[in-house]
Structure formats: structure tokens, C-alpha cells
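Everything below concerns the one structure shown next.
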Amino acid sequence: MIIDGKGIAKTIEGELKEQVAELKNKGVEPGLTVVLVGEDPASHTYVRSKEKACKRIGIKSRKILYDADISEAALLAKIEELNGDDSVHGILVQLPLPEHINSEAVIHAIDASKDVDGFHPVNLGKMFLNEPSFWSCTPHGVIELLDRSGIEIEGKHAVVVGASNIVGKPMATMLLNREATITVCHIKTKDLAFHTRQADILVVAVGKSNLITADMVKDGVVVIDVGTNRLANGKLVGDVDYENVAKKAAAITPVPGGVGPMTIIMLMKNTIESAAKHARSK
Ligand code: NAP
């Protein structure tokens with residue numbers, strides 16, 4: 001089975017449109033503010049996709065652009081202002097930030113109740129404790145993909161390759177919260193193939209094309225390929241040798257059209273939830 005991330009994201013989009021209509025009937029218009037620093041083309045592309053999704057769903061989106069030489073203090077002051085603005089339900093600072101800015105300080109400055117990216121330590125901590133919070137969008141999207149494809153998580157051996165703070169670590173925690181048995185592999189892991197061959201569910205989030213080849217998986221594995229790599233010929237591929245691994249897999253996500261669309265839709269979901277929460281607290 002090919003796990004159709006694009007199709008699943010479209011289904012969720014329909015559900016979110018209904019939720020936005022309900023909120024608008026109550027006089028609440030969900031609002032997402034994206035802060036973008038510098039000229040990184042990939043960041044601008046990601047932000048454009050987020051803006052388009054907001055438009056389709058009915059979320060009011062606002063983009064604040066800064067030159068790469070903005071000071072950290074000025075950026076923090078803007079975040080403080082957005083924290084206090086009632087019309088802003090979600091604040092997203094597009095990463096990476098220029099080197100002279102401490103990204104952690106910026107993420108920590110965002111009010112956790114508006115941190116729709118789910119990167120704030122309060123949200124990560126609540127997720128760790130399995131309490132309601134904004135979950136990081138990419139791993140949350142993976143959980144939705146599995147659930148909506150009818151793939152059981154409980155009791156399965158899930159192997160996560162990659163241990164970043166925004167994908168691998170929260171992914172492993174979310175799978176653990178769903179009662180999978182977890183192995184996390186990273187750059188220092190010895191004999192990666194030994195571990196990946198144990199996987200019932202294999203999530204790969206590294207950023208290296210062809211890292212996972214067919215000899216590294218068992219028959220019937222479910223493969224979620226989070227990686228995105230641009231080849232010299234311009235083609236976008238994941239971390240998994242899709243063609244050959246697909247022959248052994250019970251289910252697999254393509255790149256593009258797998259995890260990518262889910263990441264954006266989870267951001268929309270978090271923004272709408274934030275708007276609903278803010279409306280309830282008034
Ligand atoms: P990252 O911060 O670079 O993290 C990559 C992780 O993989 C690190 O833990 C790294 O370890 C580990 N790693 C590197 N080489 C490895 C190897 N040979 N074997 C095992 N682990 C290895 O990247 P990220 O932000 O997590 O993103 C990972 C990939 O997912 C990227 O391709 C990114 O573009 C993609 N992504 C896609 C989406 C989407 O929506 N589709 C969203 C987010 C990310 P060290 O840190 O120790 O080197």
C-alpha cells in the first residue's frame with residue numbers, strides 16, 4: 001500500500017474548513033503570523049505553502065519579513081508584541097534563523113499557548129508527559145498518517161532513524177505514548193541495518209538520500225520517509241530507496257506526497273485549536 005499523504009491531508013483539510021466555519025460563526029477568525037528572516041529560498045517556499053494552506057482553509061495569515069541582519073533584540077521585541085495580540089492565535093518563526101540569532105531564545109520567547117509549531121519546551125514537556133499540548137507538526141502528521149491508514153501502533157516495534165529535537169525525538173515519544181516499543185537510531189548508532197531490520201514501523205528522518213536500502217528492512221515493514229533531499233537533477237527524494245524498499249513493504253510513504261503535506265496540515269490544525277482555546281478562555 002502506498003500511504004497517500006496528499007489525499008489524507010486533503011481529507012483533514014475538509015474537516016478543518018468545517019471547524020473554521022464554526023469558529024467564524026462564533027465571531028472568531030483563526031490567525032497565524034509567520035515571521036521570516038532573511039532570503040533562504042527554501043524557507044520562502046515553505047512559508048508560501050503555509051500561506052496557501054491558510055487561504056484554502058480560511059485562516060487569516062500574516063507574514064512579517066525581516067532582513068537577515070535584524071538584531072535578536074528586535075526579533076524578541078516583535079515576538080513579545082505578537083504574544084500580546086489577541087488576533088494572533090499562532091506564531092511561527094521559520095527556521096533556520098541567521099547565525100547571530102539564538103534560535104532557542106527566540107522559540108522560548110513565544111507564548112507556549114501560541115506555539116503552533118510545537119517546539120516550545122513547555123509543549124515538548126507536556127507531549128512527553130502525554131498531556132494535551134501542541135504537538136510538533138511533522139511527527140504529529142506521521143501519527144495521523146498511520147492512524148488514518150489503519151496501521152496499528154500499539155505493541156509494534158517502531159524504529160526511528162534520526163534524533164533531532166523537531167522530528168526524531170518527538171516522533172519516538174509520540175510512538176512510545178501510543179505504546180509501541182521504541183528504538184531510536186542516530187549518527188553514532190552502530191550497525192544501523194541491524195536495528196532497521198527489526199522494525200515493524202520504520203520512520204526515517206535524516207536528510208540523506210538512499211540511506212535505507214531494501215536489505216535493511218524486513219518483509220511487511222511499514223515505512224514512513226520524512227527525509228527530503230534535492231538531487232543534482234532537481235528531483236526531490238526521501239531518505240529511503242523507495243523503488244526497492246516498496247517491494248518489501250506492507251505500506252510506504254512516497255516523497256513527495258507523503259509526510260510533507262501532513263506537516264502543513266498539522267500546523268493548520270494547531271492554529272485552529274489555539275483559536276478555539278483562546279475563544280473559550282474569553
Ligand atoms: P536534522 O536536524 O539534520 O537531524 C537529522 C538527524 O539524523 C540527526 O539526529 C542526525 O544525527 C541523524 N543522522 C545523520 N546522519 C545519520 C546516519 N547516517 N544514520 C542515522 N542518523 C543520522 O534534520 P531534521 O530537521 O530532523 O530533518 C530530517 C529530514 O527530514 C531532512 O531531510 C528534512 O528536510 C526532513 N524534514 C521533512 C519535513 C516534511 O514535512 N517532509 C519536515 C521536517 C524535516 P546528528 O545530529 O548527531 O548528526
Side-chain angles (χ1 to χ4, degrees), residues 3-9 12-13 34 40-50 52-53 92-97 99 103-104 107 116-119 124 134-146 158-175 182-199 202-213 215-217 223-231 234-242 245 252-270:
I3 300 176
D4 177 14
K6 210 171 162 188
I8 293 171
I12 300 175
E13 190 172 304
V34 178
D40 178 43
S43 292
H44 280 260
T45 305
Y46 292 143
V47 169
R48 263 196 302 278
S49 308
K50 290 165 188 173
K52 279 190 201 157
L92 182 154
V93 178
Q94 185 65 44
L95 301 176
L97 289 169
E99 272 184 15
S103 303
E104 272 175 22
I107 299 299
V116 286
D117 245 345
F119 294 165
L124 285 167
F134 293 127
W135 290 4
S136 319
C137 298
T138 301
H140 190 184
V142 171
I143 296 287
E144 283 283 336
L145 275 183
L146 293 170
V159 178
V160 179
V161 185
S164 71
N165 289 333
I166 63 170
V167 188
K169 281 189 215 168
M171 183 77 259
T173 306
M174 286 179 204
L175 289 163
I182 308 297
T183 299
V184 184
C185 302
H186 45 78
I187 191 78
K188 296 283 165 65
T189 298
K190 295 188 176 84
D191 198 355
L192 179 63
F194 166 80
H195 295 285
T196 56
R197 273 191 217 111
Q198 317 294 317
L202 177 64
V203 182
V204 192
V206 171
K208 284 188 183 154
S209 59
N210 268 325
L211 180 69
I212 305 297
T213 48
D215 57 311
M216 295 170 73
V217 300
V223 180
I224 307 289
D225 191 353
V226 180
T228 50
N229 307 287
R230 186 75 63 184
L231 299 182
K235 199 177 165 204
L236 188 70
V237 297
D239 291 346
V240 175
D241 172 8
Y242 180 85
V245 171
I252 185 165
T253 56
V255 178
V259 175
M262 294 300 290
T263 296
I264 293 185
I265 213 72
M266 290 301 114
L267 174 69
M268 302 295 121
K269 188 178 161 72
N270 281 350

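This structure is a prediction, so every number in the text was calculated from the model and none was measured. We count residues from 1, following the sequence as given. Order of appearance sets the numbers: ligands from 1, and atoms from 1 within every ligand.
Looking only at protein heavy atoms, the nearest one to atom 34 (O) of ligand 1 is T228 OG1, 2.6 Å. Distance from atom 3 (O) of ligand 1 to its nearest protein heavy atom, with residue and atom name: V206 O, 4.2 Å. In terms of protein heavy-atom proximity, atom 45 (P) of ligand 1 is closest to I187 CG2, 3.6 Å. Here the heavy atom of the protein found nearest to atom 21 (N) of ligand 1 is H186 C, 3.3 Å. Protein heavy atom at the shortest distance from atom 42 (C) of ligand 1 is T138 OG1, 3.2 Å. Of all protein heavy atoms, the one lying nearest to atom 30 (O) of ligand 1 is V226 O, 3.5 Å. Among protein heavy atoms, the minimum distance from atom 24 (P) of ligand 1 is reached at S164 OG, 3.7 Å. Protein heavy atom nearest atom 8 (C) of ligand 1, with residue, atom name and distance: A163 N, 3.9 Å.
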Passes side chain to side chain contact (heavy atoms under 4.5 Å, CB included), D239 versus N229? Steps please. CA-CA 7 Å; D239 291 346; N229 307 287; 2.9 Å; yes
Do I212 and V223 pass the side chain to side chain contact (heavy atoms under 4.5 Å, CB included) test, and can you show the C-alpha distance, the side-chain angles, and the key distance before you say yes or no? CA-CA 10 Å; I212 305 297; V223 180; 5.9 Å; no
One pair to check against side chain to side chain contact (heavy atoms under 4.5 Å, CB included): I166 and F119. What are the steps and the verdict? CA-CA 7 Å; I166 63 170; F119 294 165; 3.6 Å; yes
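With ligand atoms numbered from 1 in the order given, ligand 1 contributes 25 (O) to contacts under 4.0 Å with heavy atoms of I166. Proximity to L211 (heavy-atom distance under 4.0 Å) selects the following atoms of ligand 1: 18 (N). Near G260, the atoms of ligand 1 lying under 4.0 angstrom from a non-hydrogen atom of the residue are 40 (O), 41 (N). Numbered from 1 in the order shown, with element, the atoms of ligand 1 that lie under 4.0 Å from a heavy atom of T263 read 39 (C), 40 (O).
Separating the NZ atom in K50 from the OH atom in Y46 is a distance of 8.5 Å, to the nearest 0.5 Å. Distance check, rounded to the nearest 0.5 Å: OG1 of T173 to CD1 of I182 gives 8.5 Å. How far CE of M262 is from CG of L267: 12.5 Å, rounded to the nearest 0.5 Å. Here OG1 of T253 is found 5.0 Å from CG of D225. Values are rounded to the nearest 0.5 Å. For the atom pair CD1 (I143) and CE (M266), the distance works out to 11.0 Å, reported to the nearest 0.5 Å. Rounding to the nearest 0.5 Å places CE of M171 at 9.0 Å from CH2 of W135.
When heavy-atom distances to ligand 1 are checked against a 4.0 Å cut-off, V161 comes that close only through its side chain, counted from C-beta outward. If you look at K208 next to ligand 1, the close heavy atoms, those under 4.0 Å, all belong to the side chain.
Heavy atoms of T189 stay at 4.0 angstrom or farther from ligand 1. Contact between A205 and ligand 1 is present, with at least one heavy atom of the residue lying under 4.0 Å from the ligand.
Distances from atom 10 (C) of ligand 1 to the protein include no heavy-atom value under 4.0 Å. Inside a 4.0 Å radius of atom 32 (O) of ligand 1 there is at least one protein heavy atom.
Counting only heavy atoms from C-beta outward, the side chains of Y242 and I252 approach each other to under 4.5 Å. With a 4.5 Å cut-off on side-chain heavy atoms, S136 and V167 do not count as touching.
Among G162, P261, G227, the residue whose heavy atom lies closest to atom 12 (C) of ligand 1 is G162.
Residue V159 comes nearest to C185 through the heavy atom pair CG1-SG, 3.9 Å, listed as atom of the first residue, atom of the second, then distance.
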